[in-house]
Colleague: 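Below is the structure I would like to discuss, written out as structure tokens.
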Protein chains: 2
Amino acid sequence: MAKYVYFFGDGEAEGRGDLKNLLGGKGANLAEMTSIGLPVPAGFTVTTKVCTEFYKNDRNYPAGLEEEVNQHLAKVETLMDKKFGDTKNPLLVSVRSGARASMPGMMDTVLNLGLNDETVQGVIAQSGDERFAYDSYRRFIQMYANVVLDMDGDILEHILVKMKEDRGVEEDTALTAADLKEMVGLFKNKVKEELGHDFPMDPKEQLWGAIGAVFGSWMNFRAITYRRLNNIPAEWGTAVNVQSMVFGNMGDDCATGVAFTRDPSTGEDYFYGEYLINAQGEDVVAGTRTPQPINKAKHQPGDLPAMEDVLPDCYQQLDKIRDILEKHYKDMQDIEFTIEKHKLYMLQTRNGKRTAKAAVKIAVDMVAEGLISKNDAIMRVAPEQLDQLLHPSLDPDAHKTVVAKGLPASPGAACGQVVFSANEAEEAAKIGLKVILVRVETSPEDIHGMHAAQGILTARGGMTSHAAVVARGMGKSCVAGCSDIKVDYANQQFTARNGQVFKQGDVITLDGSTGEVMQGQVPTVQPELTGEFGQLMEWVDGIRRLRVRTNADTPHDAQVARDFGAEGIGLCRTEHMFFEGDRIAAVREMILSADLEGRKRALAKILPMQKGDFLGLFQVMKGLPVTIRLLDPPLHEFLPHTDKEIEALAAEMKVPAQNLKAKVEALHEFNPMLGHRGCRLAVTYPEIYDMQVQAIMEAACELVKNEGFSIIPEIMIPLVCEVKELAILRANAIRIADEVVARYGVEVTYLIGTMIELPRAALTADVIAHEAEFFSFGTNDLTQTTYGLSRDDAGKFLPFYVEQELFPTDPFVAIDQEGVGQLVKMGCELGRKTRPDIKLGICGEHGGESSSVKFCHRIGLDYVSCSPFRVPIARLAAAQAVLEEL
Amino acid sequence: MAKYVYFFGDGEAEGRGDLKNLLGGKGANLAEMTSIGLPVPAGFTVTTKVCTEFYKNDRNYPAGLEEEVNQHLAKVETLMDKKFGDTKNPLLVSVRSGARASMPGMMDTVLNLGLNDETVQGVIAQSGDERFAYDSYRRFIQMYANVVLDMDGDILEHILVKMKEDRGVEEDTALTAADLKEMVGLFKNKVKEELGHDFPMDPKEQLWGAIGAVFGSWMNFRAITYRRLNNIPAEWGTAVNVQSMVFGNMGDDCATGVAFTRDPSTGEDYFYGEYLINAQGEDVVAGTRTPQPINKAKHQPGDLPAMEDVLPDCYQQLDKIRDILEKHYKDMQDIEFTIEKHKLYMLQTRNGKRTAKAAVKIAVDMVAEGLISKNDAIMRVAPEQLDQLLHPSLDPDAHKTVVAKGLPASPGAACGQVVFSANEAEEAAKIGLKVILVRVETSPEDIHGMHAAQGILTARGGMTSHAAVVARGMGKSCVAGCSDIKVDYANQQFTARNGQVFKQGDVITLDGSTGEVMQGQVPTVQPELTGEFGQLMEWVDGIRRLRVRTNADTPHDAQVARDFGAEGIGLCRTEHMFFEGDRIAAVREMILSADLEGRKRALAKILPMQKGDFLGLFQVMKGLPVTIRLLDPPLHEFLPHTDKEIEALAAEMKVPAQNLKAKVEALHEFNPMLGHRGCRLAVTYPEIYDMQVQAIMEAACELVKNEGFSIIPEIMIPLVCEVKELAILRANAIRIADEVVARYGVEVTYLIGTMIELPRAALTADVIAHEAEFFSFGTNDLTQTTYGLSRDDAGKFLPFYVEQELFPTDPFVAIDQEGVGQLVKMGCELGRKTRPDIKLGICGEHGGESSSVKFCHRIGLDYVSCSPFRVPIARLAAAQAVLEEL
């Protein structure tokens, strides 16, 4: 006989962690926790097979299911020592859906199922808290009416709102037990009025209603759409989890808490967590009460009493569980627990989120402890996270005026102008301002502002509050629960502990590692890369195949990148040099010249400066490869655009404003991204690239002559769409380069190659490779053209696309492997077909994003190039790519 | 022994027309003409093999070559009854290069070779014209010094210019025999001064010098570059053609002329040509003298004497040759001939250029005459040429004031403002003005202006003048040799025969079919498609597989297209409807609405108008398929942009100008081509497409209800880059469409598909096909994105690219088969893989260009769609594509 229901509880489970297909993700996880001996509230899982058969048999349950459910329910009753529907000591359960992967649009959760007018009396008796009992009851009715009975959620919510108005209170918590009892009555009447039948009072009827609602939701419109968009077959089905409720808010012998098996901020190996007596789980994370530490390991004077002292038995049991968990999952765990009348229940365990510092330390420590291998350690650190480690922290010697202190919720220093809303933060960031977002507490609606801000400061909430968790995920500095400050939204200001007032726009500095809030800007120092970091990167470099270069235009950036492990420069953008200092004057003179001679005169002024730039870069890179991209942007980018700016420049250049204006107008483009730029400029004005090639080669020759070492410059011609462009410009470049080399009489070799950044270049890469010794995939522009999407304009709809999951991620952040990536792959294959030893790299911003780096590894690129601070990320991702292939 | 030299002359040739690889194009052609019995001036071809061996053997000629050349030269002497280097009756020769395909950068021609201080006396004796003899001599020195001795052409030209100054004359022709004799001396001295040795006086030395120069030019820089860019192997080599000179300007028993075996303008079957007594070939085409007709077939009172009367023997011989040529080449020929002292020589024959009308008539006539097959006839008409037949001509009933009459050089009516230079023509066309280019005569420097103009009017030149030939090729109206007008460039005006003055900007009308020039604008009528055209298109339709639809947004355009044979609408651009009349007000109201309700209110106003549009189109198309593209352009295109326009609109709409301006600024895009448009608009504002789908379906339903016939609307969603966009919008469209159909209670089916116009769409077409019942390739935008080239901005460099042959043609005119075409092909294959019966078409402007249409046929599209006037072109190209496959 088929088995449809799997039990878990009291250290024994019929399922296992690897039975996700049968039990769904949630069910498998509950079985796993139970089977390793954790005190999980007992329950059972109705399998995905039931769902599949349900739909196969015209929405009928398989024979025997009801009996199996009843048997398992009885077992739960026995274990929990409660009875479903009992008026003295009733068992309440939660019902949750659980597919293989969590799926929006499906019924989520019904809590407190089993309550009715009789069983609520039992809860009152057990808890001694009538208000708690009726609050649970009215919540149950609300949830059940909405998700099971399919009533519009606003209908009952409106009754609640109205009652608060009538009572003249603002918070739900201000309603009394009597109020809530009355509300239960009102809810039940309303349900009858709306649906034409009574709210079900029979707990079994409630249970089957909820199970049916889970299966029904598998075929609702949103779920079907989601599956279609994500290629999930309908046959997978969903499971249903029925689990006994436990309560941490039934009195002072109850508690609830969250903990990490190691410190998620530093990675230190001690048991780190918070709890609250007589509370529900949501009270801990919501930040409405300040939680207490679970142990005294880091106790400081003034801290609230630790669980270790208050509930020592439970603490000891929990500490043992900590050990079991780390040995079993071989990773730091994030756990939720509840204590109901001195009895400990584990509600959840999962791999804990952590800071980069913690991730690195935990991974390296666990290798030392023999828990995991070096390869495991490499896989344990999310490459993007490293970003947190690579940014500056406060200069310890700097003078600082601390005006408040909160919790060190997410490490790193941040400095900026104070703003008080997420929208303001976003607006300010758009115009290039650095801001600190200050809130009483944050919520999911604030995410975009947190993204835009340098750091986050909240007045309320603990280390596991929304602000703290999200900021750590983002690698942003965060000081949370800073009760020293009083936030006054109405007046757009906050007051520090000494009464000092900070208005919107005032500058403050946060230290997310200490929790300190300082007035003004405090100097910072470069991050000290800890021993664990160095150790991990050593393992990483031992394993990766992909080289990592950097995008750098200045000796300073080049040096930073080398310190981070860059193995060359993959993209030096020469136009950045055109903007600097007085060269922009010469550049403008060139653009305004009416003829070739005039342009050449102006270019001759730029030549020595460009040469100096290249010399500087070459000296830093000491023999490592340096790829230099010749001028790329359209000429109008070097000219002003408003009438006022034009007039000012005309006066400065001593030319009639009318002439300058006419030139600006003549150069105007409707779509500059697709305009007269890149090699197209050089086809019409070859003298520009001639000057640049001369500067590069003279610098390289002088290096050999004066410094005694050599580099191989890689001269890169951008925006090629047709091989003939490259053929002509390459012939020119060779002519100039060979002239310079002959003139200096030294040995310097050089390569000439191209960016592959237009679809046509990728599609015809076999032909282009005849004229190119290397390809560098410019995936920024390639993404723009492949999608037909202007990065500068996409802000109006791209966030919506990502949010609605039309795009899995922003294609400018992670390379679109299906479309853009297909072109890159094609370009590689075609290029190698013509020239087997062609050098292949990528220099778009994707070169520093881990999924993109891994893609580059898989398609066989030689190197990626990224901004200096992302070099370690790319190194780590490149190593993970190797391991993922095993 | 290897044979290196091939003789031709006196009806016998050692070579043949199909020996192009060995003899080069020119040599093979001369051999062919000779062997079919034409009196070709005798000569010989040094083969391409010599060139190849020359380079293989370190620039040494193969053994025996000199002897072979001498033998053949002697044979030429015998035949021509002249002797090379003779002082009494010298043989002069031309030396020309001739590779398989003509190649820029190579040595072209040296004429009159064999002249020196002694042989010039023989020429004087033979011609009795000392001036002619010395003019030939000085031209020879100039040419030889430049192309063989590699002297800068300006050096000798400068002596010529100075002498004209000294003599106070402007034209070369004003110099006397004595002047020219003196010039020969000056030239020789200058050559010695520049090169350090005498100009070679030995004719044999001259000959070998010229042969060596041809071979040498095969390896010069320009030729090498050209070969590399065009994939021509160096091994091909070039041949050298040495041919005896003949002169039509040695007295009144000499003549020269050009002729067509049928009328190139109408296609009528009579011998059509012009000649001049005592003249050189260039005199006929230059238009400096007005040529005389060769026969009296179309003689009109006042015409100059015909060759038929003046040189009857030669004419009879020529008329026989005409017959031989048509029987041999089975096509109308364009011939050049010269009569030297009553002896007829054929210098050239080639397939004659002709008007579309002539091409069609000749092809159809030749089928009737049994010369060619129907399939041959189809291949004989260049599809692009048909354009000429499809445009309006003057309304015969219209009142017209003829102010001048010239030659009917290229048919069709044209009307526009007078301009006097090619540059002005181009400038005016850029801002949308229609112009008539008026010149004394045209030259190759005027091509761009002729392109830009509606028509061309010249005061000088015959039916074979530059203006006439080029205009016919372009399908532009042209009146040539209009001696009624006096052109005054200095005052930017021309005077007509009645003394009436036309200034720049005055409007005139040309009738290129009658030669009439009229003042003002004269009404036109639609072209009457002649019987031959109808016959040809009947053959065409019998053979083609590809369907031809039209791009049309109005019932009028749709009707024109149907009359031209369109089989449906492939692209109806709904945004054009948004601009019309008072709907633009509603569109603006929608854009300015702050919320969904406001937008819906405004859209409700547009709905009935859109519905009316669709009804109109459906009624014209009577059951043929109609593809309707939903709104595509970014919203800012519907708003004004200058402050002044914004203020005016704000006043009209009664909204604050500030609000309107803010909206315009908010909608501004850096790269609108890649911006918030197409389906992206509908993802953010679904209500727009909802309205359009409702309008389409209501129109379709009303058609069934009221007219009793049905069409299948094809609803097309533009700018999809990701299947999820299409999935969402398609689901919406189905919902709306099914609602409408249910409401009307009729049977209407519809298709939903997408444009494939972004590289990513083509690359992921297999996935997209799951949501699309048809694809229409939007190759305009696909070309822009694949090349990264904005059509609006490319004017700054694209013409240069085409001129420099970086691009073989403008990729917006003919589809780039290598890059863009590869994506289209990929899109087809992937689409069919997922959905074998998917409908595939193209709706970019390429759909009406013949090479693109043929490409579409080859890759298996179901249809092309093009503008109404190009429908016959596409039909013809589609048929040719079938024949080219055989």
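Sequence lines set the chain letters: A, B, ... in the order given, protein chains first and strands last, and positions in each chain run from 1.
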Colleague: With only heavy atoms counted, which part of A:F800 is less than 4.5 Å from chain B, the side chain, the backbone, both or neither?
Modeller: side chain

Colleague: Applying a heavy-atom distance below 4.5 Å, give me the residues of residues 629-636 of chain B that approach chain A, sorted by number.
Modeller: none

Colleague: How would you list, in number order, the residues of residues 819-826 of chain A that have a heavy atom less than 4.5 Å from chain B?
Modeller: A:G819, A:Q822, A:L823, A:M826

Colleague: With a 4.5 angstrom heavy-atom cut-off, is it the side chain or the backbone of A:D816 that approaches chain B, or both, or neither?
Modeller: side chain

Colleague: State, to 0.1 Å, how close B:E818 and A:R760 come at their nearest heavy-atom pair, and which atoms those are.
Modeller: OE1-NH2, 3.4 Å

Colleague: Is B:N671 reaching over with its side chain to a backbone N or O of A:M673, donor-acceptor style, under 3.5 angstrom?
Modeller: yes

Colleague: If you round to the nearest 0.5 Å, how far is CG of A:L789 from CG of B:L719?
Modeller: 9.0 Å

Colleague: Which bit of B:A666 comes within less than 4.5 Å of chain A, counting heavy atoms only: side chain, backbone, both or neither?
Modeller: backbone

Colleague: So which residue, A:A794, A:A761, A:P672, ends up with the most heavy-atom pairs under 4.5 Å with chain B?
Modeller: A:P672

Colleague: In terms of heavy-atom pairs under 4.5 Å with chain A, which of B:T684, B:L758, B:V767 leads?
Modeller: B:L758

Colleague: Closest heavy-atom contact between B:L806 and A:E722?
Modeller: O-CG, 3.3 Å

Colleague: Among all residues two or more places apart in sequence or in another chain, which pass the ring pair (Phe, Tyr, Trp, His ring centres under 6.0 Å) test with A:H668?
Modeller: A:F670

Colleague: Under the ring pair (Phe, Tyr, Trp, His ring centres under 6.0 Å) rule, collect the residues that match up with A:Y685, sequence neighbours excluded.
Modeller: none

Colleague: For residues A:C721 and B:Y787, report the shortest heavy-atom separation together with the two atoms involved.
Modeller: SG-CD2, 3.4 Å

Colleague: Do A:Q804 and B:I728 have side-chain heavy atoms sitting under 4.5 Å apart?
Modeller: no

Colleague: Please evaluate residues A:Y801 and B:E725 with respect to the criterion side chain to side chain contact (heavy atoms under 4.5 Å, CB included), reporting the C-alpha separation (whole Å), side-chain torsions for both, the decisive distance (0.1 Å), and the verdict.
Modeller: CA-CA 9 Å; A:Y801 266 56; B:E725 297 174 312; 2.6 Å; yes

